[in-house]
J.: 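What follows is a structure written as structure tokens; I'll ask about it next.
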Protein chains: 2
Amino acid sequence: MSATTIRDIAVALGVTPSTVSRALSGNPYVKESTRAAILKKARELGYERNVMASNLRKGTTNIVGIIVPRINREFFGNVISGAEAVFSEAGYSVVICQTHERLEDEKAALKVLAGEQVAGIMISHSSETVSGEHILDAIGESVKLVQFDRVIEGLPGSIVINDDFKGAYTATKHLIDNGYKRIGALVGFMDTILFKRRYEGYAAALADAGMPLDPDIVYENTILRENGYESTVKAIAAGCDAIYSSGDFSALGALECALKHGLKVPEDFGIVGTANETFTSLVSPRMSSVDQHPFEMGRSSASAMIRLLSGETQGEEILIGTTLVTRQSSTR
Amino acid sequence: MSATTIRDIAVALGVTPSTVSRALSGNPYVKESTRAAILKKARELGYERNVMASNLRKGTTNIVGIIVPRINREFFGNVISGAEAVFSEAGYSVVICQTHERLEDEKAALKVLAGEQVAGIMISHSSETVSGEHILDAIGESVKLVQFDRVIEGLPGSIVINDDFKGAYTATKHLIDNGYKRIGALVGFMDTILFKRRYEGYAAALADAGMPLDPDIVYENTILRENGYESTVKAIAAGCDAIYSSGDFSALGALECALKHGLKVPEDFGIVGTANETFTSLVSPRMSSVDQHPFEMGRSSASAMIRLLSGETQGEEILIGTTLVTRQSSTR
DNA sequence: TTTCTCCCTGCAAACGTTTGCTGGAAAGGG
DNA sequence: CCCTTTCCAGCAAACGTTTGCAGGGAGAAA
């Protein structure tokens with residue numbers, strides 16, 4: 001009942017396990033007729049290579065670890081989905097760990113993956129993570145690293161991030177093009193690269209249109225729905241007729257606030273969010289949002305990892321484009 | 001530079017690798033002083049057990065495979081998240097595969113996981129899957145199986161499903177209690193156990209309240225937003241003043257339809273959906289929905305798997321409770 | 001014919017752990 | 001003091017694969 005091994009194939013054909021191994025792994029020093037016979041017999045016996053034994057001998061695995069703050073978040077779910085598709089296509093298995101936004105858990109996950117002898121690690125850091133030393137400690141010389149979305153500078157390997165500047169720029173310009181005159185901004189934490197770049201994109205779009213950048217209508221640390229609502233109260237009081245938001249939840253708060261204040265969206269008030277969460281197309285009026293192509297980010301990250309593993313590159317920085325999805329909330 | 005092995009520890013202390021192995025794995029036949037010395041030295045040398053070698057020797061891994069239609073779906077994302085938490089706590093690694101609702105991919109995933117020598121497989125079937133023979137083929141005698149949510153009968157191992165009957169019953173009763181008189185139902189595919197049970201719950205609630213079950217206002221194969229809209233057009237024409245839906249997307253369609261027809265929700269028309277997707281609390285009016293506790297389902301499935309692996313049980317059937325989350329759309 | 005290549009295949013040693021068996025030493029019982 | 005039991009540790013054989021080295025056979029060149 002035990003699984004068939006290369007030895008079984010070998011004795012069945014009167015050759016040695018070495019030859020079978022070579023035939024199966026595509027070694028050129030095997031006569032074509034021998035190889036054919038071996039492949040045939042292997043199929044016949046339902047042979048499946050024992051990955052553990054193979055890996056043990058070769059000292060490396062075909063497992064890639066993915067570490068994210070939370071699996072059950074739309075963005076990360078999509079990234080993982082895209083990555084998994086590419087990895088499985090390329091013959092890699094994916095093991096997944098979540099950090100729950102905690103540095104402790106991130107360290108633990110790294111340890112687990114190191115123990116699992118993974119070939120590489122794809123990671124998006126927890127919000128508690130600020131330096132990358134624990135990463136250097138955990139991964140040896142040989143484990144490849146790809147950071148995506150939330151990245152830390154100064155680490156080896158590749159980086160995959162969104163073109164946040166351009167996304168924000170396009171969104172803001174879209175509002176300007178639709179005739180909105182005073183556009184407020186709901187932005188996140190300015191010490192995070194990602195949010196900073198979005199703010200810069202917003203500012204650049206205003207500048208290019210010859211519109212003033214008024215710090216009074218830029219609301220920082222505004223990422224939750226409640227924050228968005230509160231900040232928009234102030235924005236409306238300050239005479240804004242539109243909001244660019246670097247998140248969808250805060251944009252939703254803005255939408256609710258505007259409607260509550262008797263403003264018609266998009267006639268009186270325009271809104272564009274970021275992330276293109278599913279709900280943006282389900283609320284009414286349907287909300288415009290900057291799509292970050294998380295699935296594509298996953299695919300690209302996986303490809304980058306594969307290039308790293310094949311030695312094709314030592315590290316690269318990849319920018320994933322964004323797409324502004326215009327819906328009712330900003331189009332008049 | 002190569003990692004330290006038990007042999008390194010052994011020679012450093014003048015004992016044999018056997019003793020070190022036993023000490024590290026908690027074998028009682030090791031003198032306490034010896035064990036202490038070994039543990040100390042192991043820490044000192046930064047020893048990490050080589051999982052591949054260990055698994056090869058033991059013929060089993062500490063990896064559990066999870067197969068789902070799509071990782072990036074809210075429900076499955078949450079299930080996986082819950083399962084991963086339990087598994088990693090118990091020292092198991094999780095590798096994830098997605099089938100994209102295709103039977104072909106499901107077979108491929110099973111093959112990959114079998115090759116990876118997983119200890120167990122947690123699966124929720126693709127929509128194309130109707131029989132379980134490919135499962136029996138793929139998993140050997142020793143691989144444990146836990147099916148969740150979408151299950152097939154006649155397979156070994158454990159099953160974890162929602163209490164669909166009760167969820168639908170409670171939702172329908174809630175509508176009745178709120179004074180709705182003619183309650184239509186949007187149901188899914190009646191050849192799927194899950195949808196069938198929901199339909200039965202709906203019917204039972206009506207029966208218990210002495211209300212007639214009118215087949216004319218039960219709309220099958222209605223799971224998408226568009227279907228929900230169309231079916232609700234008919235339901236309104238048929239004099240319904242409420243809708244129980246076995247999905248949230250179709251419920252959303254119903255909501256949009258009612259509003260479009262100038263009906264006030266919940267005053268004129270009541271709606272309850274199923275799954276408690278994030279967007280249900282984001283639309284207006286906020287939508288009532290049956291929460292299926294996917295996170296809990298993940299946790300329970302993982303626990304069931306661990307019990308299976310420890311031999312504590314041969315198979316069990318676990319029912320995850322549901323909770324009706326009442327929001328504006330059904331409460332008057 | 002001899003010698004030199006070039007293919008192909010076999011031999012055997014790894015990779016790092018685990019574990020059945022064996023046996024010595026200590027402890028306990030009579 | 002001897003015999004039995006218990007405790008602890010070593011020996012060596014696995015687990016299934018890969019791979020460096022060696023060697024046999026066939027053909028070609030000399």
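Lettering follows sequence order; numbering is per chain, from 1.
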J.: Identify, between B/Arg35 and B/Ala53, the residue whose nearest nucleotide on DNA chain D lies closer to the 5' end.
T.: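 The residue closer to the strand's 5' end, by nearest nucleotide, is B/Arg35.
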J.: Could you state the atom-to-atom distance from CZ of A/Arg49 to P of D/dC15 in whole Å?
T.: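 So the CZ-P distance, A/Arg49 to D/dC15, works out to 19 Å.
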J.: Look at the side chain of B/Lys58 and decide which nucleotide, out of C/dT19, C/dC11, C/dT17, has an atom nearest to it.
T.: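 When the side chain of B/Lys58 is considered, C/dT19 is the closest of C/dT19, C/dC11, C/dT17.
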J.: Would you tell me if any nitrogen or oxygen in the side chain of A/Ser18 comes within less than 4.0 Å of OP1 or OP2 on C/dG10?
T.: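 Checking C/dG10 against A/Ser18, no side-chain N or O comes under 4.0 Å of OP1 or OP2.
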J.: Kindly state each residue pair satisfying side chain to side chain donor-acceptor pair (under 3.5 Å) with at least one member in residues 149-158 of chain B, sequence neighbours excluded.
T.: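 Only B/Glu101-B/Arg150 qualify under side chain to side chain donor-acceptor pair (under 3.5 Å).
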J.: Nearest whole Å is fine: how far is C/dT17 P from B/Arg7 CZ?
T.: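 Rounding to the nearest Å, CZ of B/Arg7 and P of C/dT17 are 10 Å apart.
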J.: Where along residues 21-31 of chain A does a heavy atom fall under 4.0 Å from DNA chain D?
T.: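 Heavy-atom contacts with DNA chain D come from A/Ser21, A/Arg22.
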J.: In whole angstrom, give the distance that lies between atom CD1 of A/Ile9 and atom P of D/dT17.
T.: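 After rounding, the gap between these two atoms is 8 Å.
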J.: How many Å lie between CD on A/Glu48 and P on D/dT17, as a whole number?
T.: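 Taking CD of A/Glu48 and P of D/dT17, I get 11 Å after rounding.
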J.: Only one of A/Val143, A/Ile135, A/Val118 forms a side chain to side chain contact (heavy atoms under 4.5 Å, CB included) with A/Leu110, so which one is it?
T.: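 Passing option: A/Ile135.
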J.: Nearest of D/dT17, D/dG10, C/dT17 to any side-chain atom of B/Ser54?
T.: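 Ranking D/dT17, D/dG10, C/dT17 by closest atom to the B/Ser54 side chain puts C/dT17 first.
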J.: Atom CD of residue position A/Glu316 - does it have more than 12 heavy atoms of other residues, nucleotides or ligands inside 6.0 Å?
T.: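 Yes - once you tally the heavy atoms of other residues, nucleotides and ligands closer than 6.0 Å, there are more than 12.
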J.: From CG of A/Asp8 over to C1' of D/dG16, roughly how many Å is that when rounded to an integer?
T.: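 Roughly 10 Å, once rounded to whole Å.
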J.: Testing the 3.5 Å rule here: is there a donor-acceptor pair between the side chains of B/Ser93 and A/Glu116?
T.: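 Note: B/Ser93 and A/Glu116 side chains meet the donor-acceptor criterion.
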J.: Take the protein atom CG of A/Leu56 and the nucleotide atom C1' of C/dA13, then report the distance between them rounded to whole Å.
T.: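 Atom-to-atom, A/Leu56 to C/dA13, this comes out as 13 Å.
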J.: Short question: side chain of A/Gln98, backbone of A/Ile71 - any donor-acceptor pair under 3.5 Å?
T.: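 Present.
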J.: Would you kindly check whether a donor in the side chain of B/Thr34 faces an acceptor in the base of D/dA9, or vice versa, at under 3.5 angstrom?
T.: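 No.
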J.: Is it the case that B/Glu106 and B/Thr129 place a side-chain donor and acceptor less than 3.5 Å from each other?
T.: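 There is such a pair between these side chains.
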J.: Once you round it to whole Å, what is the distance between P of D/dG16 and CD of B/Gln117?
T.: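 From B/Gln117 CD to D/dG16 P: 9 Å.
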J.: From CG of B/Asn55 over to C1' of D/dA14, roughly how many Å is that when rounded to an integer?
T.: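 Taking CG of B/Asn55 and C1' of D/dA14, I get 16 Å after rounding.
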J.: Measure from the side chain of B/Asn50, starting at C-beta and using heavy atoms only, and say which of C/dT17, D/dG10, D/dT19 lies closest.
T.: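 From the listed options, C/dT17 comes nearest.
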J.: Taking only side-chain N and O atoms of B/Thr16, does any of them lie within less than 4.0 angstrom of OP1 or OP2 on D/dC11?
T.: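 No, because none of the side-chain N or O atoms of B/Thr16 sits under 4.0 Å from OP1 or OP2 of D/dC11.
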J.: Could you list the donor-acceptor pairs under 3.5 angstrom formed by side chains in residues 20-27 of chain B, with sequence neighbours left out?
T.:
residue, atom, partner, partner atom, Å
B/Ser25, OG, B/Ser21, O, 3.0
B/Ser25, OG, B/Arg22, O, 3.4
B/Asn27, OD1, B/Tyr29, N, 2.8

